[in-house]
Asks: 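Okay, handing you the structure first.
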Amino acid sequence: MADKDKLVSRSEDFNEWYNSVVLRADMADYGPVRGTMIVKPYGWTLWENIQQALDQRFKATGVQNAGFPMFIPMSFLQKEAKHVEGFAPELAVVTHGGGQELGEPIVVRPTSETIIGHTYANWIQSYRDLPLLLNLWNSVVRWELRTKLFLRTLEFYWQEGHTAHATAVEAAERTRMMLDVYADFAINEAAVPVIRGEKSELERFAGANQTLTIEAMMGDGKALQSGTSHNLGQNFAKAFDIQYLDPNNELQYAWTTSWGLSTRFVGAIIMTHGDDNGLILPPRLAPYQVVIVPIYRKDAEKTAVLTAAQRIQQELTDAGIRVKMDDRDNLTPGYKFNDWELRGVPARIEIGPRDIEKNSVALARRDVPGRDGKQFVSQDGLAATVQALLVDIQASLLTRATQFRDENTHDVTNYDEFKTAVQTGFARVWWDGSNQEELKVKEETKATIRCFPLEQPEGSGTCFYTGRPANKIAIFGRAY
RNA sequence: CGGGGCAUGGCGCAGCCUGGUAGCGCGCUUCAAUGGGGUUGAAGAGGUCGUGGGUUCGAGUCCCGCUGCCCCGACCA
């Protein structure tokens, strides 16, 4: 294997590993404007599979999809004080249109709470109009200066759900329900173990009363906020006048929520499962679950091998497996093996003249590198064999990632241990600090409160930082 | 926004100091062999050297302006 073709190892330079793997696996490319991203078909298919898994879960809870404008009047942003304060620095503002200077500048949506608030105010008159449950699949723009493909780009794709409810309790339930949807998706579709928790006041969404989050640990021990669900209380209802008449004919403000998950999650999958050979995609979301590499020398062999390979492709496709046949004629099998491993295809079938004779194929699993992951199996019942293997790979990925996270999460009781823990992973601590103290910790260690886990232990303890009695546990980590 | 660097075929770079007809690797095209872990050989295609000005008989190379991008620091999903 030529050195120049090898990836930088993750331990050597995780950042460089990530960048080259994204480019070389054909997931994405850089756009011509600084900070923009072009998602290539392979990356976009992965995103489509994510979309599909989420979309059906949303719809199962009564949510409908809709489309809203990307342009929002500047004045809308200014109606919710904290919201505008949070987003002002990263807005893209349109000042000219059709060759004319605009009377009021228009912003490109950084998120749609304001235009949703404006619209919901018109749509909602009565308690009979509630709950109102919409979701948008769109892209938003936030003027980021430091960019990284999928993780932080000037424009990114996501979904944003927006709901309005008659009561505080209902809104709180919805906020939690969508968090659970995200967690279920992350764990069971992406095999990304996540911690459900609540954000600290400092990390909360601009304009929310409560932000719930799923936090994942990447392969370098850093945290990635992978999805968020916000309880907006009556903040936006009051700013935009979303009122309804209740059954007693009394005017009430509605309670709203919003929740989002972005193409950032693609980055989460890459950094959770990848190894030094490239991506490892979870079978349930992988664009191709199996790649077939035919092997032959002479023309006579070629015909026989390709015929068998095509038959197998058809059998697997009929069984509902996503299959790619790599019949490129100008590349050697060895090259193809490495290529598809880099791209993270969960399983590979090699079929050559020897297999034709023996009615077998070589079946390799991506999560076990090298020859250890390769076995020779019968062509009979191959679809079932592959199905079972994919299920097994999916489960192994989750187990492995969960183990990694737990091994790199440490319960610590003093600042020195804390500093060591957040070098390589998460620190789980009793916390009773103020906002100022939280900022101080961030300054001194670069670690932030990722969340207060929803699952809290019984009892209380001593804050590792202030020494005061504390009644809640926080997870700290360095974050993307 | 503050500090540093870079700009030359699709990509990565050399050439600049010391001015004289633009080169290397990868990739791409064609052909042949090869093919069970990153395969060879041969023949090709492809560049107004980021941009505007200046110096000079002559500028990729020297000088000045502009623009863009990358890296490092403060904000973010």
Side-chain angles (χ1 to χ4, degrees), chain A residues 1-7 15-16 19-20 23-24 29-36 85-91 110-111 139-148 150-160 182 199 202-206 211 213-216 223-230 258-268 277-278 293-299 301-302 305 326-342 348-358 360-362 364 369-371 373-374 376 439 442-443 446 448 450 479-480:
Chain A
M1 188 186 297
D3 278 355
K4 63 184 165 46
D5 293 330
K6 252 204 129 160
L7 285 168
N15 214 38
E16 172 66 22
N19 287 334
S20 49
L23 294 174
R24 288 177 56 182
D29 206 345
Y30 294 97
V33 172
R34 170 179 160 87
T36 58
E85 193 184 311
F87 282 107
E90 43 184 3
L91 289 179
T111 178
S139 71
V140 290
V141 169
R142 299 178 188 177
W143 213 263
E144 299 293 347
L145 294 174
R146 261 166 93 37
T147 61
K148 189 164 184 176
F150 290 116
L151 295 185
R152 198 187 291 108
T153 48
L154 195 155
E155 178 191 16
F156 60 90
Y157 300 90
W158 74 345
Q159 58 70 217
E160 44 174 325
Y182 288 151
K199 284 293 185 187
L202 285 176
E203 301 275 328
R204 201 179 280 162
F205 177 74
T211 290
T213 177
I214 51 171
E215 295 286 327
L224 187 73
Q225 175 176 311
S226 305
T228 47
S229 184
H230 315 292
S258 67
W259 25 278
L261 185 146
S262 74
T263 37
R264 171 172 254 212
F265 202 90
V266 172
N277 295 323
V293 179
I295 294 154
Y296 47 79
R297 292 166 225 251
K298 309 180 176 90
D299 276 357
E301 287 175 350
K302 178 174 176 178
V305 166
D326 188 352
D327 54 5
R328 289 177 290 179
D329 205 23
N330 56 335
L331 298 170
T332 60
Y335 182 92
K336 293 178 185 179
F337 299 164
N338 286 287
D339 194 35
W340 290 110
E341 280 169 8
L342 178 72
R348 178 180 71 237
I349 290 173
E350 305 164 20
I351 178 162
R354 297 207 294 271
D355 297 300
I356 303 284
E357 277 171 40
K358 290 188 283 192
S360 66
V361 300
R371 298 210 161 77
K374 195 140 101 174
F376 287 88
L439 282 171
K442 180 180 181 181
E443 242 173 68
K446 298 212 161 123
T448 51
R450 300 324 303 151
Y480 275 98

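What you see is a predicted model, and the numbers here were worked out from it, not measured in a lab. So you know, we letter chains A, B, ... as the sequences are listed, proteins then strands, and number each from 1.
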Asks: Once ring pair (Phe, Tyr, Trp, His ring centres under 6.0 Å) is applied, do any residues pair with A:Phe205, and if so which ones, sequence neighbours excluded?
Replies: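 Residues passing ring pair (Phe, Tyr, Trp, His ring centres under 6.0 Å) with A:Phe205: A:His83, A:Phe87, A:His230.
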
Asks: Taking CZ from A:Phe376 and C1' from B:G37, how many angstroms apart are they, rounded to a whole number?
Replies: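 Going from CZ in A:Phe376 over to C1' in B:G37 covers 12 Å.
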
Asks: Distance check, P atoms only: B:A22 and B:U61, in whole angstrom units.
Replies: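 Between the two P atoms, the distance is 13 Å.
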
Asks: Distance check, rounded to the nearest 0.5 Å: A:Asp329 atom CG versus A:Asp326 atom CG?
Replies: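 Going from CG on A:Asp329 over to CG on A:Asp326, the span is 10.5 Å.
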
Asks: For A:Arg348, answer base if it contacts any base atom (sugar-phosphate contacts may also be present), sugar-phosphate if it contacts only those atoms, and nothing otherwise; contact means non-hydrogen atoms under 4.0 Å.
Replies: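 The answer is base, as A:Arg348 lies within the cut-off (heavy atoms under 4.0 Å) of a base atom.
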
Asks: Can you tell me how far C1' of B:G37 sits from NZ of A:Lys336, to the nearest Å?
Replies: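 Answer to the nearest Å: 13 Å.
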
Asks: Using the C1' atom as the point on both nucleotides, what is the distance between B:A74 and B:G37, in whole Å?
Replies: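 Going atom to atom, C1' in each nucleotide, I get 48 Å.
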
Asks: How far, in whole Å, is B:G47 from B:G38 if one measures between their P atoms?
Replies: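 My reading of the P atoms in B:G38 and B:G47 gives 35 Å.
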
Asks: Across the strands shown, which category fits A:Pro89 at heavy-atom distances under 4.0 angstrom: base, sugar-phosphate, nothing?
Replies: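 Nothing, no heavy atom under 4.0 Å.
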
Asks: So which nucleotide from B:G38, B:G37, B:G36 ends up closest to the side chain of A:Arg371?
Replies: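 For A:Arg371, the side-chain atoms sit closest to B:G37.
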
Asks: What is the distance, rounded to the nearest whole Å, between atom CG of A:Leu331 and atom C1' of B:G37?
Replies: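 The answer, rounded to whole Å, is 14 Å.
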
Asks: Distance under 6.0 Å and angle within 45° of the ring axis: does A:Arg152 meet both against A:Tyr480?
Replies: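 Pair A:Arg152/A:Tyr480 does not count as cation-pi.
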
Asks: Quick test of your reading of the model: are A:Glu215 and A:Lys199 salt-bridged, counting only N-O distances below 4.0 Å?
Replies: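 A salt bridge links A:Glu215 with A:Lys199.
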
Asks: With a 4.0 Å cut-off on heavy atoms, is A:Phe156 in touch with a base, just the backbone sugar-phosphate, or nothing at all?
Replies: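 Counting heavy atoms under 4.0 Å across all strands, the contact made by A:Phe156 includes a base.
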
Asks: Counting the atoms with a prime plus P, OP1 and OP2 as sugar-phosphate, which does A:Leu151 contact under 4.0 Å by heavy atoms, base, sugar-phosphate, or nothing?
Replies: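 Answer is base: heavy atoms of A:Leu151 come under 4.0 Å of a base.
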
Asks: Tell me what A:Glu350 touches on the nucleic acid: a base, only sugar-phosphate, or nothing, going by heavy atoms under 4.0 Å.
Replies: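 Counting heavy atoms under 4.0 Å across all strands, the contact made by A:Glu350 includes a base.
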
Asks: How do A:Asn19 and A:Gly86 order along RNA chain B: which one's closest nucleotide is nearer the 5' end?
Replies: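 With A:Asn19 and A:Gly86 compared, the 5'-side residue is A:Asn19.
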
Asks: Roughly, in whole Å, what's the span from CZ in A:Arg152 to C1' in B:C70?
Replies: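 Checked: the CZ to C1' distance equals 16 Å.
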
Asks: How would you label the contact of A:Lys148 with the nucleic acid (heavy atoms, under 4.0 Å): base, sugar-phosphate, or nothing?
Replies: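 Contact class for A:Lys148: none.
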
Asks: Checking only heavy atoms, does the side chain of A:Arg297 share a donor-acceptor pair with the base of B:G36 at less than 3.5 Å?
Replies: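 Answer no: no donor N or O sits under 3.5 Å from an acceptor.
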
Asks: Is there a donor on the side chain of A:Arg142 or the base of B:C76 sitting less than 3.5 Å from an acceptor on the other?
Replies: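 Answer is no: no donor-acceptor pair is held.
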
Asks: Has A:Asp355 got a side-chain atom pairing as donor or acceptor with A:Gly352's backbone, closer than 3.5 angstrom?
Replies: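 Such a contact is found between A:Asp355 side chain and A:Gly352 backbone.
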
Asks: Which whole number of Å gives the distance between the P atom of B:A45 and that of B:G54?
Replies: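 36 Å, rounded to whole Å.
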
Asks: Round to a whole Å and report the spacing from CZ of A:Phe205 to C1' of B:C76.
Replies: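 In whole Å, B:C76 C1' and A:Phe205 CZ are 12 Å from each other.
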
Asks: For A:Lys6 and B:C26, give me the distance from atom NZ to atom P, rounded to whole Å.
Replies: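 Taking atom P of B:C26 as the reference, NZ of A:Lys6 is at 21 Å.
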
Asks: Students often get this wrong, so: under 4.0 angstrom with heavy atoms, is A:Ser360 touching a base, only sugar-phosphate, or nothing?
Replies: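 Result for A:Ser360 = nothing.
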
Asks: Grab the CD-P distance between A:Glu341 and B:G36 for me, whole Å please.
Replies: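 A:Glu341 atom CD is separated from B:G36 atom P by 14 Å.
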
Asks: Would you mind reading off the distance between A:Lys298 atom NZ and B:A33 atom P, rounded to a whole angstrom?
Replies: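 From A:Lys298 NZ to B:A33 P: 13 Å.
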
Asks: Heavy-atom nearest nucleotide on RNA chain B for A:Lys446 versus A:Tyr30: which residue maps closer to 5'?
Replies: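 Looking at RNA chain B, the more 5' nearest nucleotide goes with A:Tyr30.
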
Asks: Checking only heavy atoms, does the side chain of A:Asp355 share a donor-acceptor pair with the base of B:G36 at less than 3.5 Å?
Replies: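 Per atom types, the contact qualifies.
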
Asks: Mind running side chain to side chain contact (heavy atoms under 4.5 Å, CB included) on A:Tyr182 and A:Thr213 for me, showing each step along the way?
Replies: CA-CA 9 Å; A:Tyr182 288 151; A:Thr213 177; over 6 Å; no

Asks: For A:Leu224, answer base if it contacts any base atom (sugar-phosphate contacts may also be present), sugar-phosphate if it contacts only those atoms, and nothing otherwise; contact means non-hydrogen atoms under 4.0 Å.
Replies: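 Result for A:Leu224 = nothing.
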
Asks: Among the candidates B:G37, B:G36, B:U39, find the nucleotide nearest to the side-chain atoms of A:Ile295.
Replies: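 Of all the options, the side chain of A:Ile295 is nearest to B:G36.
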
Asks: Show, in sequence, the C-alpha distance, side-chain angles and deciding distance for A:Gln225 and A:Thr211, and conclude whether the side chain to side chain contact (heavy atoms under 4.5 Å, CB included) test is met.
Replies: CA-CA 12 Å; A:Gln225 175 176 311; A:Thr211 290; 5.8 Å; no

Asks: Got a second to check how far A:Ile295's CD1 is from A:Lys336's NZ, nearest 0.5 Å?
Replies: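 Result: 8.5 Å between the selected atoms.
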
Asks: Considering only atom P, compute the distance from B:C62 to B:G20 and round it to an integer number of Å.
Replies: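 Nearest-Å result for B:C62 against B:G20 at atom P: 11 Å.
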
Asks: Looking across every strand, which nucleic acid part, if any, lies under 4.0 Å from A:Asp329 by heavy atom: base, sugar-phosphate, or nothing?
Replies: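 Answer is base: heavy atoms of A:Asp329 come under 4.0 Å of a base.
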
Asks: Please measure how far the C1' atom in B:U40 lies from the corresponding atom in B:G35, and state the result in whole Å.
Replies: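 Between the two C1' atoms, the distance is 12 Å.
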
Asks: Can you tell me the base-pairing partner of B:A74? Count Watson-Crick or G-U wobble geometry only, both distances below 3.5 Å, and say none if there is no partner.
Replies: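 Base partner found: none.
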
Asks: Within the pair A:Thr332 and B:U39, is there a side-chain N or O less than 4.0 Å away from OP1 or OP2?
Replies: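 It does, given that an N or O in the side chain of A:Thr332 lies less than 4.0 Å from OP1 or OP2 of B:U39.
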
Asks: Suppose you measure atom C1' in B:U39 against the same atom in B:G12; what distance do you get, rounded to whole Å?
Replies: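 Approximately 23 Å lies between the C1' atom of B:U39 and that of B:G12.
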
Asks: Counting only distance, no hydrogens or angles, is the base of B:G36 paired donor-acceptor with the side chain of A:Lys374 under 3.5 Å?
Replies: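 Such a pair does not exist between side chain and base.
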
Asks: Of the options B:C76, B:G38, B:G37, whose atoms approach the side-chain atoms of A:Glu90 most closely?
Replies: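 Of the candidates, B:C76 comes closest.
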
Asks: With sugar-phosphate meaning primed atoms plus P, OP1 and OP2, does A:Tyr296 contact a base, only sugar-phosphate, or nothing at under 4.0 Å between heavy atoms?
Replies: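 Contact class for A:Tyr296: base.
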
Asks: Could you give the distance separating B:U18 and B:G60 at their C1' atoms, to the nearest angstrom?
Replies: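 It comes out at 15 Å once rounded to the nearest Å.
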
